[in-house]
> 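Please read through the structure below; I'll follow up with questions.
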Amino acid sequence: MEVLRHFSHVHPLVFNDERNHESGEVFCCACGELVSGPRFSCMECEFHLDKNCAEAPVEMDHPFHRKHNLMLTASSPYVEVNPICGFCNKKCEKFIYYCSCNLFFHIKCAFLSYKILEKKFRELVRRDALVSFECQPQELERVQCFACQKSLLQSDYISHDSRFYLHKKCFELPLEINHLSHRCHSLFLQFNSDHLPCKICFETQNRGLFYCCSICKFSLHIECVSPPPIVEEPSSHEHPFTRWLRASPFNCDACGTLGNYVSYICSTCNLMVHKECISLPRIIKNVWHEHPISHKYFVIDNECKTQD
Ligand SMILES: [Zn+2]
Ligand SMILES: [Zn+2]
Ligand SMILES: [Zn+2]
Ligand SMILES: [Zn+2]
Ligand SMILES: [Zn+2]
Ligand SMILES: [Zn+2]
Ligand SMILES: [Zn+2]
Ligand SMILES: [Zn+2]
């Protein structure tokens, strides 16, 4: 008789690999799901763990959070509220992996993320948006890609258990990149646990994944790392704009403020603008400016600070 001493229960748990257990339907106390396969049980307390949950490591070195290990616990460290899972956005009520950086994951969601990292396509179900009968467009509007937090409409995506969604393009993202905006270190695909704003668009995205250098606290949105190469906005400008990556800042011809790293140019009109300024009502470069033009100096903080 195989017996397991598990941190979550006072009594030893007994292994049982019968498919049709005589006690009928039982639910795993760690993940909450119906147990259909092998399990570890304390019959006296009706406490059951499926084999995967029972053997889950107490510490997990998670590639999306390289700073610290995630710890497995049977209940939330915060008594007052149920934490929200960083993958599926649902409440965590049973076992969780957590880090004091305010990151929480269902035990199943933490494992799921490994399948994503290992690019296990087959174990994740892939469907084509708008072709699937199970997921209607209205439903797709509600859900977001867990990585980039953008809508899944009109894109190929992966879904799992109807609670986890990921664009196919986000599934294929490299875990480590070199980017011209931060040449001194690699950027890693990470949870934005420090709530850093994106260095290109200055917006903060609290959920999902970012490309980060944790040494310099430098982070970029997934979308800002590889923005669309050509943007057409016929209602505001008659020519298409082409992306032009730059190592130095530029002055936007539409709004007049400074831009970083990613500019869009119309070579016909000799314009250089922010991505978000392409959709401004009308972009006109005013060569013959009738008002006096004042000069401003911008101080750019674009150095890489190294850690002591
Ligand atoms: Zn379980
Ligand atoms: Zn017991
Ligand atoms: Zn979850
Ligand atoms: Zn942490
Ligand atoms: Zn995405
Ligand atoms: Zn951004
Ligand atoms: Zn750095
Ligand atoms: Zn033009």
Side-chain angles (χ1 to χ4, degrees), residues 28 30-33 53 56 60 62 64-67 70 72-73 76 82-99 103-116 124 143-150 159-166 170 173 176-192 194-228 243 245 259-264 274-277 301-308:
C28 172
C31 65
E33 287 177 18
C53 288
M60 187 186 274
H62 202 290
F64 287 154
H65 190 62
R66 297 160 58 96
K67 277 199 289 189
L70 304 178
L72 181 64
T73 158
S76 165
N82 284 320
I84 301 295
C85 173
F87 278 105
C88 68
N89 278 358
K90 301 226 162 76
K91 245 187 234 168
C92 297
E93 286 165 326
K94 308 224 177 269
F95 283 29
I96 48 173
Y97 276 103
Y98 85 103
C99 173
L103 290 173
F104 305 93
F105 306 102
H106 292 111
I107 187 167
K108 283 268 158 111
C109 288
F111 291 140
L112 185 61
S113 61
Y114 264 93
K115 289 184 185 166
I116 296 162
L124 298 159
V143 294
Q144 296 165 325
C145 166
F146 116 86
C148 68
Q149 302 283 298
K150 297 263 181 317
S159 73
H160 190 85
D161 281 359
S162 307
R163 62 171 183 175
F164 172 85
Y165 301 88
L166 186 63
C170 290
L173 288 171
E176 181 181 349
I177 58 162
N178 292 303
H179 198 262
L180 93 164
S181 62
H182 194 71
R183 291 181 197 267
C184 44
H185 304 113
S186 294
L187 302 178
F188 293 94
L189 202 56
Q190 298 283 281
F191 290 108
N192 190 19
D194 292 323
H195 306 290
L196 300 170
C198 167
K199 282 282 196 260
I200 289 177
C201 70
F202 305 113
E203 273 172 39
T204 308
Q205 173 193 303
N206 289 324
R207 306 193 66 81
L209 298 175
F210 250 60
Y211 277 105
C212 295
C213 168
S214 58
I215 303 166
C216 308
K217 296 202 177 296
F218 182 100
S219 65
L220 298 178
H221 280 117
I222 289 169
E223 207 198 359
C224 290
V225 163
S226 48
R243 179 186 64 198
L245 298 177
N260 283 313
Y261 313 120
V262 182
S263 66
Y264 283 83
H274 293 113
K275 181 172 167 251
E276 60 273 22
C277 290
D301 181 19
N302 186 29
E303 289 162 35
C304 289
K305 293 158 200 104
T306 42
Q307 209 175 35
D308 295 327

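Counting starts at 1 for both ligands and their atoms, in listed order. Along the sequence shown, residues are numbered consecutively beginning with 1.
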> Between SG of Cys216 and NE2 of His182, what angle is found at the Zn ion (ligand 7), rounded to 10 degrees?
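NE2 of His182, the Zn ion (ligand 7) and SG of Cys216 span an angle of about 110°.
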> Side chains of Ser113 and His62: is there a donor and an acceptor less than 3.5 Å apart?
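Looking only at side-chain atoms, His62 and Ser113 do form a donor-acceptor pair, the distance falling under 3.5 Å.
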> By the definition ring-ring contact (aromatic ring centres under 6.0 Å, His included), identify the one residue from Phe105, Phe104, Tyr98 that meets it with Phe191.
Phe105
> Indicate if the distance from the Zn ion (ligand 3) to the nearest N, O or S atom of Cys92 falls below 2.8 Å.
no
> Test your reading of the model: is there a side-chain donor-acceptor pair from His221 to the backbone of Glu223, 3.5 Å cut-off?
no
> Write the atom name of the N, O or S atom in His221 that is nearest the Zn ion (ligand 6).
ND1
> Got more than 12 heavy atoms from elsewhere within 6.0 Å of NZ, Lys67?
yes
> In terms of side-chain heavy atoms, does Arg183 have a donor or acceptor partner in Asn178 at a distance below 3.5 Å?
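Arg183 vs Asn178: no donor-acceptor pair found between side chains.
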> Could you check which N/O/S atom of His185 is closest to the Zn ion (ligand 7)?
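Output for this pair reads ND1.
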> Could you grab the angle centred on the Zn ion (ligand 3), going from SG in Cys85 to SG in Cys88, to 10°?
110°
> Charged N to carboxylate O below 4.0 Å: is that the case for Arg66 and Glu176?
no
> Tell me the angle that SG of Cys224 and SG of Cys201 form around the Zn ion (ligand 6), rounded to 10°.
120°
> Angle subtended at the Zn ion (ligand 3) by SG of Cys109 and ND1 of His106, to 10 degrees?
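Computed angle, vertex at the Zn ion (ligand 3), rounded to 10 degrees: 120°.
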